[in-house]
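Here is the structure we will look at.
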Amino acid sequence: MDNKEYKLNSRVIMKKEHPCGTNEWEIVRLGADIKIKCVNCKRTIMIPRVEFNKKLKKVIHSEEQ
């Protein structure tokens with residue numbers, strides 16, 4: 001696996017594109033479910049961690065806390 005280490009406020013690229021036209025997301029909440037926010041239109045969705053890991057393509061920016 002290639003760099004799929006993510007944490008809070010990390011920017012990630014998902015496999016499928018959001019209807020607004022981007023596939024870049026920011027992680028807002030971590031837990032059993034992961035909440036992500038679209039970078040373009042600011043909408044948020046919450047998906048189970050297992051599903052998130054399947055749909056994750058790449059971590060592009062991981063902010064240090």
Side-chain angles (χ1 to χ4, degrees):
M1 288 190 155
D2 54 87
N3 192 17
K4 293 205 175 175
E5 300 286 322
Y6 52 84
K7 37 188 154 167
L8 200 60
N9 298 322
S10 294
R11 290 233 174 154
V12 295
I13 293 179
M14 303 302 277
K15 289 180 182 173
K16 284 183 124 182
E17 196 173 86
H18 190 245
C20 73
T22 186
N23 58 354
E24 190 174 329
W25 298 81
E26 182 178 350
I27 298 175
V28 179
R29 179 186 179 275
L30 290 171
D33 294 326
I34 295 181
K35 190 176 205 178
I36 54 178
K37 179 173 71 171
C38 180
V39 174
N40 189 31
C41 67
K42 308 297 185 213
R43 298 227 177 183
T44 59
I45 61 168
M46 199 165 202
I47 57 176
R49 184 181 286 265
V50 175
E51 189 178 332
F52 176 82
N53 289 333
K54 287 180 187 174
K55 294 181 176 184
L56 178 65
K57 185 174 184 181
K58 182 175 156 184
V59 178
I60 56 172
H61 188 277
S62 182
E63 291 185 9
E64 299 299 323
Q65 294 187 8

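- For the atom pair CZ of Arg11 and NZ of Lys37, the computed distance is 8.5 Å after rounding to the nearest 0.5 Å.
- Rounding to the nearest 0.5 angstrom, the gap separating the CD1 atom in Ile47 from the CG atom in Asn53 is 8.5 Å.
- For the atom pair Ile60 CD1 and Tyr6 OH, the distance stands at 15.5 Å (nearest 0.5 Å).
- Lys54 NZ: 12 or fewer foreign heavy atoms inside a 6.0 Å radius.
- When the side chains of ILVMFWY residues are joined at heavy-atom separations under 4.5 Å, either directly or via intervening members, Ile45 and Val59 end up in a single hydrophobic cluster.
- Taking the side chain as every heavy atom from C-beta outward, Asn9 and Glu26 approach each other to under 4.5 Å.
- The two residues Cys38 and Thr22 make their nearest non-hydrogen contact at SG-CG2, 3.5 Å.
- Ile27 contributes atom CD1, which lies 4.0 Å from atom CZ of Phe52 (distance to the nearest 0.5 angstrom).
- Scanning all heavy atoms of the two residues, the minimum distance from Cys41 to His18 falls at SG-CE1, 3.4 Å.
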Checklist entry - Between Ile34 and Met46, is a side-chain contact (heavy atoms from CB on, under 4.5 Å) present by the stated rule, with each step listed? => result CA-CA 6 Å; Ile34 295 181; Met46 199 165 202; over 6 Å; no
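- For CZ of Arg43, the number of neighbouring non-hydrogen atoms (other residues, nucleotides, ligands) closer than 6.0 Å is 12 at most.
- Note on Leu56 and Val39: separate hydrophobic clusters, where clusters join Ile, Leu, Val, Met, Phe, Trp and Tyr whose side-chain heavy atoms are under 4.5 Å apart, directly or indirectly.
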